[in-house]
Amino acid sequence: MLDINDIISGDQNTGARMIRLIEDRDPSAHEVLKAIYPHSGRAFIIGITGSPGVGKSTLIDALIAEFRRLDKKIGIIAVDPSSPISGGAILGDRLRMQRHAADPNVFIRSMASRGQKGGLSRAAKDAVLVLDAMGYHIIIIETAGAGQTEVDVAGIAHSVGIVTIPGTGDGIQAIKAGILETGDVFILNKCDRPDADAAEFELNMMISMRPASPGSWKAVVVKTRALDGTGVKELAQVFLSHYAFLNQEGRLEKKKKEIELRYFQGLVTDLVLEKTMAALETSKAYREALQKIELNGTDPLSLAETVMGGITISNFNSP
Amino acid sequence: MAINKKIRILIAKPGLDGHDKGAKVVALALRDAGMEVIYSGLHQTLDQIIQSATQEAVDVIGLSIMSGAHLPICQKLKAMMQEKGLVHTKLTVGGVIPHQDIPKLQEIGVAAVFPGGTSFEDIIKGINSLFD
Ligand SMILES: Nc1nc2c(ncn2[C@@H]2O[C@H](COP(=O)(O)OP(=O)(O)OP(=O)(O)O)[C@@H](O)[C@H]2O)c(=O)[nH]1
Ligand SMILES: [Mg+2]
(Lines give C-alpha, C1' and ligand atoms only; values in the text may rest on other atoms or scores of the structure.)
(Ligands and ions follow the chains in the order given, each with its own letter.)
Protein backbone atom coordinates (compact mmCIF):
# COMPACT_ATOMS: atom_id res chain seq x y z
CA MET A 1 0.00 0.00 0.00
CA LEU A 2 1.17 3.54 -0.71
CA ASP A 3 2.21 5.71 2.22
CA ILE A 4 -0.61 8.12 2.94
CA ASN A 5 1.81 10.62 4.44
CA ASP A 6 3.66 10.84 1.14
CA ILE A 7 0.42 11.81 -0.57
CA ILE A 8 -0.53 14.39 2.03
CA SER A 9 2.94 15.91 1.95
CA GLY A 10 2.48 16.36 -1.79
CA ASP A 11 5.01 13.88 -3.17
CA GLN A 12 4.23 13.83 -6.89
CA ASN A 13 5.48 10.33 -7.55
CA THR A 14 3.29 8.80 -4.84
CA GLY A 15 0.27 10.92 -5.79
CA ALA A 16 0.66 9.94 -9.42
CA ARG A 17 0.93 6.25 -8.57
CA MET A 18 -2.21 6.57 -6.47
CA ILE A 19 -4.14 8.06 -9.39
CA ARG A 20 -2.87 5.20 -11.52
CA LEU A 21 -4.26 2.65 -9.05
CA ILE A 22 -7.59 4.48 -9.18
CA GLU A 23 -7.87 4.39 -12.95
CA ASP A 24 -6.72 0.77 -13.11
CA ARG A 25 -9.43 -0.02 -10.55
CA ASP A 26 -6.90 -1.60 -8.29
CA PRO A 27 -8.63 -2.80 -5.11
CA SER A 28 -5.90 -1.28 -2.92
CA ALA A 29 -6.91 2.23 -4.03
CA HIS A 30 -10.05 2.07 -1.94
CA GLU A 31 -8.32 1.93 1.45
CA VAL A 32 -5.93 4.74 0.55
CA LEU A 33 -8.81 6.91 -0.65
CA LYS A 34 -10.58 6.39 2.65
CA ALA A 35 -7.44 7.34 4.55
CA ILE A 36 -6.76 10.53 2.60
CA TYR A 37 -10.39 11.64 2.50
CA PRO A 38 -10.17 13.65 5.74
CA HIS A 39 -7.28 15.62 4.21
CA SER A 40 -9.33 16.70 1.20
CA GLY A 41 -11.99 19.35 0.79
CA ARG A 42 -9.79 22.46 0.69
CA ALA A 43 -9.32 22.91 -3.06
CA PHE A 44 -11.35 25.07 -5.42
CA ILE A 45 -12.46 22.77 -8.26
CA ILE A 46 -13.10 24.19 -11.70
CA GLY A 47 -14.58 22.24 -14.62
CA ILE A 48 -13.80 23.34 -18.16
CA THR A 49 -15.90 21.76 -20.86
CA GLY A 50 -17.02 22.38 -24.43
CA SER A 51 -16.97 20.81 -27.88
CA PRO A 52 -13.76 19.22 -29.21
CA GLY A 53 -11.21 21.71 -30.47
CA VAL A 54 -12.70 24.91 -29.04
CA GLY A 55 -9.45 25.59 -27.19
CA LYS A 56 -10.04 24.19 -23.70
CA SER A 57 -6.47 22.97 -23.17
CA THR A 58 -4.95 26.17 -24.57
CA LEU A 59 -7.18 28.17 -22.21
CA ILE A 60 -6.19 26.04 -19.25
CA ASP A 61 -2.54 26.56 -20.17
CA ALA A 62 -3.09 30.32 -19.98
CA LEU A 63 -5.15 29.99 -16.78
CA ILE A 64 -2.32 28.04 -15.13
CA ALA A 65 0.00 30.97 -15.88
CA GLU A 66 -2.50 33.41 -14.31
CA PHE A 67 -3.08 31.36 -11.19
CA ARG A 68 0.66 30.75 -10.80
CA ARG A 69 1.14 34.53 -10.74
CA LEU A 70 -1.16 34.50 -7.73
CA ASP A 71 1.09 31.82 -6.25
CA LYS A 72 -1.56 29.09 -6.32
CA LYS A 73 -0.60 25.45 -6.68
CA ILE A 74 -2.51 24.04 -9.64
CA GLY A 75 -3.64 20.51 -10.42
CA ILE A 76 -5.10 19.50 -13.78
CA ILE A 77 -7.11 16.42 -14.71
CA ALA A 78 -7.54 16.36 -18.48
CA VAL A 79 -9.85 13.67 -19.83
CA ASP A 80 -9.81 12.47 -23.43
CA PRO A 81 -11.96 9.71 -24.91
CA SER A 82 -10.69 6.16 -25.32
CA SER A 83 -11.03 4.63 -28.75
CA PRO A 84 -14.08 2.36 -28.63
CA ILE A 85 -12.37 0.04 -31.09
CA SER A 86 -8.88 -0.49 -29.69
CA GLY A 87 -9.44 0.75 -26.14
CA GLY A 88 -6.32 2.89 -26.57
CA ALA A 89 -6.18 6.67 -26.53
CA ILE A 90 -4.15 9.64 -27.65
CA LEU A 91 -4.00 11.98 -24.70
CA GLY A 92 -3.21 15.30 -26.35
CA ASP A 93 -4.20 17.90 -23.76
CA ARG A 94 -0.84 17.93 -21.98
CA LEU A 95 0.87 19.01 -25.17
CA ARG A 96 -0.80 22.44 -24.91
CA MET A 97 0.24 22.90 -21.29
CA GLN A 98 3.73 21.48 -21.53
CA ARG A 99 5.51 24.78 -20.78
CA HIS A 100 4.39 24.23 -17.17
CA ALA A 101 5.72 20.68 -17.02
CA ALA A 102 8.85 21.53 -15.07
CA ASP A 103 7.04 23.78 -12.56
CA PRO A 104 6.95 21.82 -9.29
CA ASN A 105 3.73 23.62 -8.28
CA VAL A 106 1.78 22.38 -11.27
CA PHE A 107 0.56 18.80 -11.59
CA ILE A 108 -0.91 17.76 -14.94
CA ARG A 109 -2.55 14.37 -15.31
CA SER A 110 -4.09 13.08 -18.54
CA MET A 111 -6.80 10.46 -18.25
CA ALA A 112 -8.54 8.32 -20.82
CA SER A 113 -12.26 7.83 -20.35
CA ARG A 114 -11.79 4.03 -20.72
CA GLY A 115 -15.32 3.67 -22.05
CA GLN A 116 -16.78 3.08 -18.63
CA LYS A 117 -20.24 4.51 -18.26
CA GLY A 118 -20.03 6.75 -15.23
CA GLY A 119 -16.45 5.59 -14.93
CA LEU A 120 -15.14 8.91 -16.04
CA SER A 121 -16.81 10.86 -13.32
CA ARG A 122 -15.86 8.31 -10.70
CA ALA A 123 -12.16 8.03 -11.61
CA ALA A 124 -11.88 11.76 -12.26
CA LYS A 125 -13.58 12.54 -8.96
CA ASP A 126 -11.22 10.23 -7.09
CA ALA A 127 -8.21 11.70 -8.89
CA VAL A 128 -9.36 15.18 -7.86
CA LEU A 129 -9.58 13.93 -4.29
CA VAL A 130 -5.93 12.86 -4.46
CA LEU A 131 -4.78 16.23 -5.84
CA ASP A 132 -6.87 17.97 -3.19
CA ALA A 133 -5.27 15.94 -0.40
CA MET A 134 -1.85 16.67 -1.93
CA GLY A 135 -2.47 20.35 -1.29
CA TYR A 136 -3.23 21.81 -4.71
CA HIS A 137 -5.22 25.03 -4.23
CA ILE A 138 -7.02 25.01 -7.54
CA ILE A 139 -7.89 21.88 -9.51
CA ILE A 140 -9.09 22.15 -13.09
CA ILE A 141 -10.86 19.29 -14.87
CA GLU A 142 -11.00 19.33 -18.67
CA THR A 143 -13.59 17.22 -20.47
CA ALA A 144 -14.78 17.40 -24.07
CA GLY A 145 -18.49 18.03 -23.97
CA ALA A 146 -21.19 16.04 -25.65
CA GLY A 147 -24.25 16.95 -23.65
CA GLN A 148 -23.94 14.55 -20.76
CA THR A 149 -20.32 15.40 -19.93
CA GLU A 150 -21.19 18.95 -18.94
CA VAL A 151 -23.64 17.58 -16.46
CA ASP A 152 -21.08 15.04 -15.23
CA VAL A 153 -18.43 17.67 -14.67
CA ALA A 154 -20.95 19.84 -12.83
CA GLY A 155 -21.31 16.90 -10.47
CA ILE A 156 -17.64 17.24 -9.47
CA ALA A 157 -16.70 20.90 -9.92
CA HIS A 158 -17.58 23.94 -7.81
CA SER A 159 -17.47 26.20 -10.84
CA VAL A 160 -18.17 25.19 -14.44
CA GLY A 161 -16.80 27.05 -17.45
CA ILE A 162 -18.36 26.21 -20.80
CA VAL A 163 -16.23 27.08 -23.82
CA THR A 164 -17.71 28.00 -27.18
CA ILE A 165 -16.35 29.75 -30.26
CA PRO A 166 -17.83 32.31 -32.63
CA GLY A 167 -19.02 31.45 -36.07
CA THR A 168 -19.95 27.82 -35.93
CA GLY A 169 -23.10 28.15 -33.88
CA ASP A 170 -22.08 24.73 -32.70
CA GLY A 171 -21.36 25.55 -29.10
CA ILE A 172 -24.45 27.66 -28.91
CA GLN A 173 -26.46 24.72 -30.25
CA ALA A 174 -25.10 22.58 -27.46
CA ILE A 175 -26.08 25.19 -24.95
CA LYS A 176 -29.59 25.25 -26.32
CA ALA A 177 -29.74 21.50 -25.89
CA GLY A 178 -30.04 22.02 -22.19
CA ILE A 179 -26.64 22.57 -20.62
CA LEU A 180 -27.29 26.25 -20.06
CA GLU A 181 -28.12 25.67 -16.41
CA THR A 182 -24.84 23.94 -15.62
CA GLY A 183 -22.56 26.79 -16.72
CA ASP A 184 -21.33 29.41 -14.28
CA VAL A 185 -18.95 31.06 -16.73
CA PHE A 186 -19.39 31.09 -20.50
CA ILE A 187 -16.10 31.44 -22.31
CA LEU A 188 -16.18 32.68 -25.86
CA ASN A 189 -12.76 31.64 -27.13
CA LYS A 190 -11.05 32.33 -30.47
CA CYS A 191 -12.36 35.88 -30.43
CA ASP A 192 -9.76 36.72 -33.05
CA ARG A 193 -12.29 35.17 -35.42
CA PRO A 194 -15.03 37.14 -37.10
CA ASP A 195 -18.51 37.29 -35.56
CA ALA A 196 -17.21 37.36 -31.99
CA ASP A 197 -19.49 40.25 -31.06
CA ALA A 198 -22.55 38.58 -32.57
CA ALA A 199 -21.79 35.39 -30.68
CA GLU A 200 -21.32 37.33 -27.46
CA PHE A 201 -24.67 39.03 -27.96
CA GLU A 202 -26.37 35.70 -28.58
CA LEU A 203 -24.78 34.10 -25.54
CA ASN A 204 -25.81 36.98 -23.31
CA MET A 205 -29.34 36.72 -24.64
CA MET A 206 -29.59 33.07 -23.77
CA ILE A 207 -28.12 33.56 -20.34
CA SER A 208 -30.57 36.33 -19.61
CA MET A 209 -33.36 33.83 -20.29
CA ARG A 210 -32.07 31.54 -17.58
CA PRO A 211 -34.46 31.37 -14.68
CA ALA A 212 -32.65 33.39 -12.03
CA SER A 213 -33.62 33.06 -8.41
CA PRO A 214 -32.70 35.91 -6.10
CA GLY A 215 -29.27 35.46 -4.58
CA SER A 216 -28.14 33.07 -7.29
CA TRP A 217 -24.95 33.55 -9.29
CA LYS A 218 -25.37 35.53 -12.47
CA ALA A 219 -23.54 33.69 -15.24
CA VAL A 220 -20.82 35.71 -16.93
CA VAL A 221 -19.61 35.76 -20.53
CA VAL A 222 -15.86 36.22 -20.99
CA LYS A 223 -14.27 36.75 -24.38
CA THR A 224 -10.84 35.21 -24.78
CA ARG A 225 -8.05 34.50 -27.23
CA ALA A 226 -6.35 31.62 -25.53
CA LEU A 227 -3.47 31.51 -28.00
CA ASP A 228 -2.14 34.92 -27.00
CA GLY A 229 -3.74 35.02 -23.57
CA THR A 230 -6.11 37.92 -24.24
CA GLY A 231 -8.96 37.94 -21.71
CA VAL A 232 -7.52 35.15 -19.62
CA LYS A 233 -6.57 37.41 -16.72
CA GLU A 234 -10.19 38.50 -16.58
CA LEU A 235 -11.33 34.88 -16.85
CA ALA A 236 -9.18 33.91 -13.87
CA GLN A 237 -10.68 36.82 -11.91
CA VAL A 238 -14.22 35.71 -12.81
CA PHE A 239 -13.54 32.21 -11.51
CA LEU A 240 -12.09 33.66 -8.32
CA SER A 241 -15.08 35.96 -7.83
CA HIS A 242 -17.40 33.00 -8.32
CA TYR A 243 -15.38 31.24 -5.63
CA ALA A 244 -15.71 34.26 -3.35
CA PHE A 245 -19.45 34.28 -4.06
CA LEU A 246 -19.70 30.59 -3.18
CA ASN A 247 -17.84 31.22 0.04
CA GLN A 248 -20.61 33.54 1.20
CA GLU A 249 -23.76 32.39 2.98
CA GLY A 250 -22.72 28.77 3.11
CA ARG A 251 -23.15 28.25 -0.63
CA LEU A 252 -19.91 26.32 -1.05
CA GLU A 253 -20.75 24.04 1.86
CA LYS A 254 -24.12 23.35 0.31
CA LYS A 255 -22.56 22.65 -3.07
CA LYS A 256 -19.95 20.35 -1.55
CA LYS A 257 -22.69 18.40 0.21
CA GLU A 258 -24.54 17.98 -3.08
CA ILE A 259 -21.35 16.72 -4.71
CA GLU A 260 -20.70 14.29 -1.86
CA LEU A 261 -24.27 13.04 -2.04
CA ARG A 262 -23.91 12.28 -5.74
CA TYR A 263 -20.57 10.65 -5.09
CA PHE A 264 -22.10 8.47 -2.38
CA GLN A 265 -25.05 7.51 -4.58
CA GLY A 266 -22.70 6.65 -7.41
CA LEU A 267 -20.60 4.48 -5.12
CA VAL A 268 -23.66 2.65 -3.83
CA THR A 269 -24.98 2.12 -7.34
CA ASP A 270 -21.59 0.72 -8.41
CA LEU A 271 -21.51 -1.59 -5.41
CA VAL A 272 -25.06 -2.82 -5.92
CA LEU A 273 -24.35 -3.55 -9.56
CA GLU A 274 -21.04 -5.21 -8.84
CA LYS A 275 -22.36 -7.40 -6.02
CA THR A 276 -25.59 -8.32 -7.78
CA MET A 277 -23.76 -9.25 -10.95
CA ALA A 278 -21.16 -11.25 -9.05
CA ALA A 279 -23.92 -13.19 -7.30
CA LEU A 280 -25.95 -13.60 -10.49
CA GLU A 281 -23.09 -14.80 -12.62
CA THR A 282 -22.48 -17.74 -10.33
CA SER A 283 -26.19 -18.64 -10.08
CA LYS A 284 -27.79 -21.59 -11.83
CA ALA A 285 -30.68 -19.52 -13.15
CA TYR A 286 -28.30 -17.11 -14.88
CA ARG A 287 -26.29 -19.90 -16.51
CA GLU A 288 -29.48 -21.55 -17.71
CA ALA A 289 -30.71 -18.28 -19.15
CA LEU A 290 -27.44 -17.86 -21.07
CA GLN A 291 -27.88 -21.35 -22.51
CA LYS A 292 -31.43 -20.59 -23.57
CA ILE A 293 -30.26 -17.49 -25.42
CA GLU A 294 -27.57 -19.58 -27.05
CA LEU A 295 -30.24 -22.02 -28.26
CA ASN A 296 -32.55 -19.22 -29.36
CA GLY A 297 -36.26 -19.09 -28.88
CA THR A 298 -36.86 -17.68 -25.41
CA ASP A 299 -37.28 -13.96 -25.30
CA PRO A 300 -34.60 -12.14 -23.27
CA LEU A 301 -37.14 -10.06 -21.36
CA SER A 302 -38.80 -13.10 -19.82
CA LEU A 303 -35.40 -14.61 -19.11
CA ALA A 304 -34.22 -11.48 -17.33
CA GLU A 305 -37.39 -11.59 -15.22
CA THR A 306 -36.84 -15.23 -14.33
CA VAL A 307 -33.23 -14.60 -13.37
CA MET A 308 -34.18 -11.70 -11.14
CA GLY A 309 -36.66 -13.90 -9.32
CA GLY A 310 -39.80 -12.50 -10.82
CA ILE A 311 -38.91 -8.83 -10.40
CA THR A 312 -40.57 -7.16 -13.38
CA ILE A 313 -38.60 -4.90 -15.61
CA SER A 314 -40.26 -1.54 -15.36
CA ASN A 315 -40.64 0.89 -18.20
CA PHE A 316 -37.28 2.62 -18.73
CA ASN A 317 -39.02 5.83 -19.68
CA SER A 318 -40.90 6.27 -16.47
CA PRO A 319 -39.48 8.95 -14.18
CA MET B 1 -14.29 -3.89 -9.23
CA ALA B 2 -12.48 -5.52 -12.10
CA ILE B 3 -8.90 -4.44 -12.66
CA ASN B 4 -8.64 -2.52 -15.89
CA LYS B 5 -4.98 -2.07 -16.75
CA LYS B 6 -3.59 -0.44 -19.88
CA ILE B 7 -0.06 0.33 -20.95
CA ARG B 8 0.54 4.07 -20.61
CA ILE B 9 3.37 5.56 -22.61
CA LEU B 10 4.88 9.04 -22.84
CA ILE B 11 6.24 9.92 -26.26
CA ALA B 12 8.78 12.71 -26.09
CA LYS B 13 11.29 14.36 -28.36
CA PRO B 14 14.24 15.71 -26.42
CA GLY B 15 16.56 18.32 -27.86
CA LEU B 16 16.36 20.40 -30.98
CA ASP B 17 15.12 17.87 -33.55
CA GLY B 18 13.12 19.65 -36.20
CA HIS B 19 9.94 17.67 -36.79
CA ASP B 20 7.72 15.09 -35.13
CA LYS B 21 5.86 13.40 -37.95
CA GLY B 22 7.40 10.01 -37.19
CA ALA B 23 6.67 10.24 -33.47
CA LYS B 24 3.05 11.16 -34.17
CA VAL B 25 2.53 8.22 -36.52
CA VAL B 26 4.00 5.85 -33.96
CA ALA B 27 1.68 7.37 -31.33
CA LEU B 28 -1.34 6.53 -33.50
CA ALA B 29 -0.13 2.97 -34.06
CA LEU B 30 0.31 2.47 -30.31
CA ARG B 31 -3.16 3.82 -29.69
CA ASP B 32 -4.53 1.36 -32.23
CA ALA B 33 -2.73 -1.37 -30.31
CA GLY B 34 -4.73 -0.43 -27.22
CA MET B 35 -2.19 1.74 -25.42
CA GLU B 36 -2.74 5.13 -23.83
CA VAL B 37 -0.32 7.52 -25.42
CA ILE B 38 0.62 10.88 -23.97
CA TYR B 39 2.24 12.95 -26.65
CA SER B 40 4.34 15.73 -25.17
CA GLY B 41 5.72 17.38 -28.29
CA LEU B 42 8.98 18.78 -29.58
CA HIS B 43 11.99 20.27 -27.82
CA GLN B 44 11.46 18.64 -24.45
CA THR B 45 14.06 19.21 -21.75
CA LEU B 46 15.00 16.15 -19.71
CA ASP B 47 13.43 17.86 -16.71
CA GLN B 48 10.11 18.18 -18.54
CA ILE B 49 10.28 14.55 -19.60
CA ILE B 50 10.94 13.35 -16.05
CA GLN B 51 8.17 15.50 -14.56
CA SER B 52 5.69 14.43 -17.23
CA ALA B 53 6.51 10.75 -16.80
CA THR B 54 6.13 11.12 -13.04
CA GLN B 55 2.81 12.94 -13.07
CA GLU B 56 1.35 10.75 -15.80
CA ALA B 57 2.51 7.56 -14.03
CA VAL B 58 3.50 6.03 -17.34
CA ASP B 59 4.87 2.52 -17.78
CA VAL B 60 7.10 3.54 -20.66
CA ILE B 61 9.00 6.62 -21.77
CA GLY B 62 9.44 6.46 -25.53
CA LEU B 63 12.10 8.86 -26.78
CA SER B 64 12.38 9.78 -30.42
CA ILE B 65 15.89 11.00 -31.22
CA MET B 66 17.21 11.90 -34.66
CA SER B 67 20.12 14.10 -33.64
CA GLY B 68 22.64 11.38 -32.89
CA ALA B 69 22.79 12.36 -29.22
CA HIS B 70 20.95 9.22 -28.05
CA LEU B 71 23.81 7.90 -25.90
CA PRO B 72 24.37 10.95 -23.66
CA ILE B 73 20.61 11.69 -23.51
CA CYS B 74 19.66 8.15 -22.45
CA GLN B 75 22.49 8.01 -19.93
CA LYS B 76 21.46 11.28 -18.31
CA LEU B 77 17.73 10.46 -18.36
CA LYS B 78 18.28 7.01 -16.89
CA ALA B 79 20.22 8.56 -14.02
CA MET B 80 17.46 11.12 -13.43
CA MET B 81 14.82 8.37 -13.47
CA GLN B 82 16.78 6.53 -10.82
CA GLU B 83 17.11 9.65 -8.72
CA LYS B 84 13.39 10.49 -8.98
CA GLY B 85 12.31 6.99 -8.06
CA LEU B 86 10.87 6.09 -11.46
CA VAL B 87 12.05 2.56 -10.85
CA HIS B 88 9.20 0.76 -12.59
CA THR B 89 9.23 2.95 -15.69
CA LYS B 90 10.92 1.50 -18.78
CA LEU B 91 12.96 3.67 -21.08
CA THR B 92 12.77 2.98 -24.82
CA VAL B 93 14.29 4.89 -27.70
CA GLY B 94 13.66 5.10 -31.42
CA GLY B 95 14.97 7.19 -34.29
CA VAL B 96 18.27 7.42 -36.08
CA ILE B 97 20.30 4.89 -34.12
CA PRO B 98 23.30 3.04 -35.57
CA HIS B 99 23.21 -0.69 -34.86
CA GLN B 100 26.55 -0.66 -33.09
CA ASP B 101 25.05 1.63 -30.43
CA ILE B 102 22.30 -0.80 -29.44
CA PRO B 103 24.43 -2.82 -27.00
CA LYS B 104 25.68 0.42 -25.44
CA LEU B 105 22.10 1.63 -24.95
CA GLN B 106 21.16 -1.69 -23.40
CA GLU B 107 24.09 -1.39 -21.05
CA ILE B 108 22.86 2.04 -19.97
CA GLY B 109 19.54 0.37 -19.10
CA VAL B 110 17.39 1.20 -22.11
CA ALA B 111 14.74 -1.53 -22.21
CA ALA B 112 14.11 -1.53 -25.96
CA VAL B 113 15.64 0.18 -28.99
CA PHE B 114 13.74 0.77 -32.23
CA PRO B 115 16.10 2.00 -34.92
CA GLY B 116 14.65 3.78 -37.96
CA GLY B 117 12.79 1.34 -40.21
CA THR B 118 11.48 -0.85 -37.38
CA SER B 119 7.92 -1.85 -38.30
CA PHE B 120 4.97 -0.74 -36.16
CA GLU B 121 4.29 -4.39 -35.51
CA ASP B 122 7.75 -4.88 -34.04
CA ILE B 123 7.53 -1.71 -31.97
CA ILE B 124 4.19 -2.82 -30.52
CA LYS B 125 5.49 -6.33 -29.87
CA GLY B 126 8.65 -4.92 -28.31
CA ILE B 127 6.72 -2.71 -25.91
CA ASN B 128 4.16 -5.37 -25.02
CA SER B 129 6.93 -7.86 -24.31
CA LEU B 130 8.30 -5.57 -21.58
CA PHE B 131 5.22 -6.44 -19.52
CA ASP B 132 4.90 -10.20 -20.06
N1 LIG C 1 -7.45 31.24 -33.65
C2 LIG C 1 -7.41 30.74 -32.43
N3 LIG C 1 -7.07 29.47 -32.28
C4 LIG C 1 -7.05 28.96 -31.00
C5 LIG C 1 -7.36 29.75 -29.87
N6 LIG C 1 -7.27 28.98 -28.78
C7 LIG C 1 -6.91 27.75 -29.21
N8 LIG C 1 -6.76 27.72 -30.54
C9 LIG C 1 -6.37 26.58 -31.39
O10 LIG C 1 -7.41 25.65 -31.44
C11 LIG C 1 -6.88 24.33 -31.57
C12 LIG C 1 -7.45 23.40 -30.52
O13 LIG C 1 -7.00 23.86 -29.25
P14 LIG C 1 -7.05 22.93 -27.97
O15 LIG C 1 -6.66 23.77 -26.81
O16 LIG C 1 -6.33 21.67 -28.17
O17 LIG C 1 -8.62 22.61 -27.92
P18 LIG C 1 -9.41 21.63 -26.96
O19 LIG C 1 -10.75 22.20 -26.77
O20 LIG C 1 -8.62 21.37 -25.72
O21 LIG C 1 -9.48 20.31 -27.84
P22 LIG C 1 -9.86 18.82 -27.38
O23 LIG C 1 -9.18 18.56 -26.07
O24 LIG C 1 -9.35 17.97 -28.48
O25 LIG C 1 -11.36 18.79 -27.27
C26 LIG C 1 -5.37 24.47 -31.48
O27 LIG C 1 -4.83 24.46 -32.77
C28 LIG C 1 -5.19 25.82 -30.82
O29 LIG C 1 -3.98 26.43 -31.17
C30 LIG C 1 -7.70 31.13 -30.09
O31 LIG C 1 -7.99 31.90 -29.16
N32 LIG C 1 -7.71 31.56 -31.38
MG1 LIG D 1 -7.94 19.55 -24.94
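All values below were derived from every heavy atom in this structure, side-chain atoms included, with hydrogens, water molecules and symmetry-related copies excluded. Note on naming: letters A, B, ... go to the chains in the order of the sequence lines (proteins, then strands), and numbering restarts at 1 for each one.
Within a 6.0 Å radius of CD in A/E260, other residues, nucleotides and ligands contribute more than 12 heavy atoms. Within 6.0 Å of CZ in A/F264 there are 12 or fewer heavy atoms belonging to other residues, nucleotides or ligands. Heavy atoms of other residues, nucleotides or ligands lying less than 6.0 angstrom from CD of B/E107 number 12 at most. Within a 6.0 Å sphere centred on CD of B/E121, other residues, nucleotides and ligands contribute 12 heavy atoms or fewer. No more than 12 heavy atoms of other residues, nucleotides or ligands lie within 6.0 Å of NE2 in A/H30, so this atom counts as exposed by the packing criterion.
Between the NZ atom of B/K5 and the CG atom of A/D26 there is a distance of 7.5 Å, given to the nearest 0.5 Å. Here the straight-line distance linking atom CZ of A/R17 with atom OG1 of B/T54 works out to 10.5 Å at 0.5 Å rounding.
In this structure, the portion of A/R99 lying under 4.5 Å from any heavy atom of chain B is its backbone and not its side chain. When heavy atoms are compared at a cutoff of 4.5 Å, B/L86 approaches chain A by way of both its backbone and its side chain. Proximity to chain A involves both the backbone and the side chain of B/L28, based on heavy atoms less than 4.5 angstrom apart.
Counting heavy-atom pairs closer than 4.5 Å to chain B, the top residue among A/A16, A/S86, A/A89 is A/A89.
Across all non-hydrogen atoms, the minimal contact from A/L95 to B/G41 is CD1-CA, 3.4 Å. Nearest heavy atom pair, residue A/S110 against residue B/R8, reads O-NH2, 3.0 Å. The two residues B/S52 and A/A101 come nearest to each other via the heavy atoms OG-CB, 3.9 Å.
Side chain to side chain, A/S83 and B/R31 fail the donor-acceptor criterion of an N or O pair below 3.5 Å. When only modelled atom types and interatomic distance are considered, B/Q48 and A/Q98 share no side-chain donor-acceptor pair under 3.5 Å.
With hydrogens and angles disregarded, no donor-acceptor distance shorter than 3.5 Å links the side chain of A/E23 to the backbone of B/K6. Of the possible donor and acceptor atoms, one in the side chain of B/Q55 sits under 3.5 Å from a partner among the backbone N and O of A/I108.
Test A/D80, A/L91, A/I90, A/D93 against B/I38 for side-chain contact (heavy atoms from CB on, under 4.5 Å) and you get one pass: A/L91.
Residues B/E36 and A/R114 meet the side-chain proximity criterion, which asks for heavy atoms closer than 4.5 Å. Side-chain atoms of A/Q12 and B/K84, non-hydrogen and from C-beta on, never get closer than 4.5 Å to each other.
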